[in-house]
> 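Mind looking over this structure? Questions follow.
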Amino acid sequence: MTTAAATPNPSACALPWWKQTTVYQVYPRSFCDTNGDGIGDLRGVLSKLDVLAELGVETLWLTPFFDSPGRDLGYDVRDYRKIGAESGTFADLVELRQELSRRGMRLVFDLVLNHTSDQHPWFQQALLCPKSPERDYYLFRKGKGPRGDKPPNNWRSMIGPSGWQRDPTSGDYYFTSFLPFQPDLNHRNPAVTRNMLSIVRFFLEQGADGLRLDIFNALLKDPSFADNPFSFRPLPSEENPDGFFQQNLYTINHKDSIEFARTLRAFVDSVPEPEQPDGTLPRPGKERFLVGEVFGPPKLLRSYLGMPDDGLNLVFLFKTLRTPFSAEAFFDLIEEYEREFPAPLLPTWVLGNHDKPRYIERLGNDARRAKVLSTLQLCARGVPFVYQGEEIGMTNLDLPADSALDPLSNMYGFVPTELRRLLRKKGILLNRDECRTPMQWSMDENAGFAPPGTRPFLPVHPGFPFCNVEAQRKDPTSLFQHYKRLFALRRAFAALHGGSLALWHKTSVPKGVLAFTRQHEAQTVFVLLHFADDEAEVRLPFACEPLYSTHGSPLLPPSRRLRLRPFEAVLLTPIPGSLGTFAP
């Protein structure tokens, strides 16, 4: 047998912490409400740290909790230096940082660089006084036509309609990449760069170990303001942001956005870490990491990481969200990620987030399939990002469009319910409320999300009596226990959190089976994933001992033949002394 793909890797013990970690995304608003207002808060996150530590979480990513009008539920920031009243106080944040540090856990903030709320003081001043310096903080342009009542060009927003909004007072237009009340900042203005880097410094001084960068690939637009070319694509995707019959040549993935990644990385690396909660001296700033929300093919997204790695530390790779559940499809995906992100670069593994449908739905809500796919996510080379609730198999909740909090759903309220469901199965979520329902902690009222008698900001999924953390902590066969075991194995084995990856050739395993080797120095782990609803027999190269099976114990006879049951994932390690030369 010959090797299909192999990636050399430096010593795992020499890798920065963020290259070895697993990241757990917390959407605070729907995580845990402690004060009875129906909205999750920072103290709610604090109250669940022991459960997260038990699960094996190493790094928490919190979506925005700074001051906001809440029209996009936090991603429309009004004040970057003030915590939203519904989220808590700076004292809560300090305590959270201290408690995370005490448990050896890290904290990642969500930073919106591309735009502000239209209620931000800068934008309010820009509207009030067209000759103010703040006017040039945003992308204001004169309209076209005899009366100037036509948009300056044909640029669309990322969600379909024209991105240009008209200021009724001056008659000028301003550009919005996402929602109409989120005006884009003009990052070609040095004053904007200085101000936003000051906010980056502020976030780092609050104890952020990393920053997730919202729609980073929309940051800088072409200064020519030329029309975008026509495209035949009706809808964008994670791999191709062109859509709505427009090629986003001048608005998305501009070369200057890619260059700004290097500026931002250099700045973050220059900021020393604050004094640690235990009083120890600050550590060098290079212990932080930046991960960008970007869309496009992996080969293009790799450019955001710099040459060779002086840009963003990581970029989200969303191609997993549309990859069919098959051994062949994920073989090809791993091969592509290994080719485009060779060491010292790392891919990311994402199955869902607060904007995307919950991944278990596209698996037919089958926990067996979810265990196979999450095993791949947590055992492949890269940094996995797990969205809250995935560890218990939370599903999407059908919600009526006319009661949606999500402004995106209101924009597309005319789309029929059945078409919305069909689009959701294809990975397009028109009502993001459906994947943001309250976290299901227990069988108690409100699923333990909020105190009894409280009305949560979104309905609790009616399946919570059967799908909740409390019940699954007691069930050794549950998804929660599966994630807990994999987190522990990933942490314990350098081969899994920092080793190289070599795919086994498709011809060396039965159809429906994907296998790869993770290796660090003398430590080797074989990962075998069965994507089919039948039994399959795999010939092993060495005598092995089991590390884990999603079916309890693997069927591993002395003959070095492993019998895989339907939708089974198995981790093995060679028995010492049995290793020879192995080309998978």
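This structure is a prediction, so every number in the text was calculated from the model and none was measured.
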> Just by distance, with hydrogens left out, do Thr517 and Trp504 show a side-chain donor and acceptor under 3.5 Å apart?
yes

> Calculate, to the nearest 0.5 Å, the distance between atoms CG and CZ belonging to Leu408 and Arg432 respectively.
5.0 Å

> Would a distance-only check, ignoring hydrogens and angles, find a side-chain to backbone donor-acceptor pair under 3.5 Å from Asp50 to Leu52?
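Side chain of Asp50 to backbone of Leu52, a donor-acceptor pair under 3.5 Å: no, none is there.
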
> With distance as the sole test, does Ser409 use its side chain to make a donor-acceptor pair with the main-chain N or O of Asp406 at under 3.5 Å?
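Judged by distance alone, no pair lies under 3.5 Å.
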
> How about His354 and Thr63: does a side-chain donor come under 3.5 Å of a side-chain acceptor?
no

> Determine whether the side chains of Asp72 and Gln182 contain a donor N or O and an acceptor N or O closer than 3.5 Å.
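A donor-acceptor contact under 3.5 Å links the two side chains.
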
> How far apart are the closest heavy atoms of Leu496 and Arg490, and which atoms are they?
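Looks like O-NH1, 3.5 Å.
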
> List the atom of Phe289, the atom of Asn313, and the distance in Å for their closest heavy-atom pair.
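What the structure gives for the nearest pair is CA-OD1, 3.3 Å.
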
> Do Phe325 and Phe531 make the cut of ring centroids closer than 6.0 angstrom?
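Between Phe531 and Phe325, which both carry aromatic rings, the centre distance is below 6.0 Å.
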
> Under a 4.0 Å N-O cut-off, is there an ion pair linking Arg369 with Asp366?
yes

> To the nearest 0.5 Å, what is the distance between CG on Leu373 and CG on Leu529?
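Nearest 0.5 Å value for the CG-CG distance: 9.0 Å.
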
> Is the ring centre of His482 less than 6.0 Å from the ring centre of Tyr548?
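Between Tyr548 and His482, which both carry aromatic rings, the centre distance is below 6.0 Å.
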
> What is the minimum heavy-atom distance between Glu470 and Met443, and which atoms define it?
OE1-N, 4.1 Å

> Could you check whether Phe318 and Trp349 have their ring centres less than 6.0 Å apart?
no

> Counting N and O atoms only, with roles assigned by atom type, does the side chain of Asp475 sit under 3.5 Å from a partner on the main chain of Thr477, one being a donor and the other an acceptor?
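Yes, the answer is positive, given that a donor and an acceptor are paired below the 3.5 Å cut-off.
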
> Looking at Trp18, is Arg288 sitting on its ring face, NZ or CZ under 6.0 Å from the six-membered ring centre and within 45 degrees of the normal?
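No, Arg288 and Trp18 do not form such a contact.
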
> As a quick check of understanding, evaluate side chain to side chain contact (heavy atoms under 4.5 Å, CB included) for Glu238 and Lys356, giving each step before the final call.
CA-CA 11 Å; Glu238 290 79 13; Lys356 304 296 181 183; 3.2 Å; yes

> Donor-acceptor pair, distance only, cut-off 3.5 Å: does the side chain of Asp433 make one with the backbone of Leu405?
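Yes, Asp433 side chain to Leu405 backbone: donor-acceptor pair under 3.5 Å.
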
> About how many Å separate CG of Asp92 and CZ of Arg43, when rounded to the nearest 0.5 Å?
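The distance works out to 5.0 Å.
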
> Quick one about Asn468 and Trp441 (side-chain donor to acceptor, distance below 3.5 Å, no hydrogens or angles considered), yes or no?
no

> Between Tyr24 and Glu58, does any side-chain donor sit less than 3.5 Å from a side-chain acceptor?
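Not at all, the side chains of Tyr24 and Glu58 share no donor-acceptor pair under 3.5 Å.
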
> Could you tell me whether the side chain of Glu568 and the main chain of Arg565 form a donor-acceptor pair under 3.5 Å?
yes

> Is it true that a side-chain atom of Thr573 and a backbone atom of Thr524 form a donor plus acceptor pair closer than 3.5 Å?
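Yes: the side chain of Thr573 pairs with the backbone of Thr524.
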
> Please find out if less than 6.0 Å separates the ring center of Phe109 from that of Phe65.
yes

> Hey, are Asp37 and Arg455 close enough for a salt bridge, meaning a charged N less than 4.0 Å from a carboxylate O?
no

> Using the six-membered ring wherever Trp is involved, compare the ring planes of Phe66 and Phe203 and label them parallel, tilted or perpendicular (cut-offs 30° and 60°).
parallel

> Once rounded to the nearest 0.5 Å, what's the spacing between atom NE2 of His497 and atom OG1 of Thr22?
11.5 Å

> If we ignore hydrogens and angles and just use 3.5 Å, is the side chain of Asp309 paired with the main-chain N or O of Leu345 as donor and acceptor?
no

> I'd like to know if Arg424 pairs up with Glu361 as an ion pair, taking the criterion as any Lys NZ or Arg NE/NH1/NH2 lying under 4.0 Å from an Asp or Glu carboxylate oxygen.
yes

> Would you check, one step at a time, whether the test side chain to side chain contact (heavy atoms under 4.5 Å, CB included) holds for Leu571 with Phe526?
CA-CA 6 Å; Leu571 274 66; Phe526 299 141; over 6 Å; no

> Show your reasoning for whether side chain to side chain contact (heavy atoms under 4.5 Å, CB included) applies to Arg212 and Leu111.
CA-CA 6 Å; Arg212 179 264 188 187; Leu111 176 59; over 6 Å; no

> Apply the test side chain to side chain contact (heavy atoms under 4.5 Å, CB included) to residues Met105 and Val57: give CA-CA distance (whole Å), side-chain angles for both, the deciding distance (0.1 Å), then the verdict.
CA-CA 8 Å; Met105 299 163 72; Val57 171; 4.0 Å; yes

> Is it true that Phe202 and Tyr80 have ring centroids separated by less than 6.0 Å?
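They do not qualify: ring centres at least 6.0 Å apart.
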
> For the residue pair Asn217 and Phe295, what are the closest heavy atoms and their distance?
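So the two residues come closest at ND2-N, 3.1 Å.
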
> Would you verify whether the NZ or CZ of Arg29 falls within 45 degrees of the ring axis of Phe457 while also being under 6.0 Å from that six-membered ring's centre?
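Geometry flag: set, cation within 6.0 Å and 45°.
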
> Determine the minimum heavy-atom distance between Leu46 and Glu99, stating which atoms define it.
CD2-CG, 3.7 Å

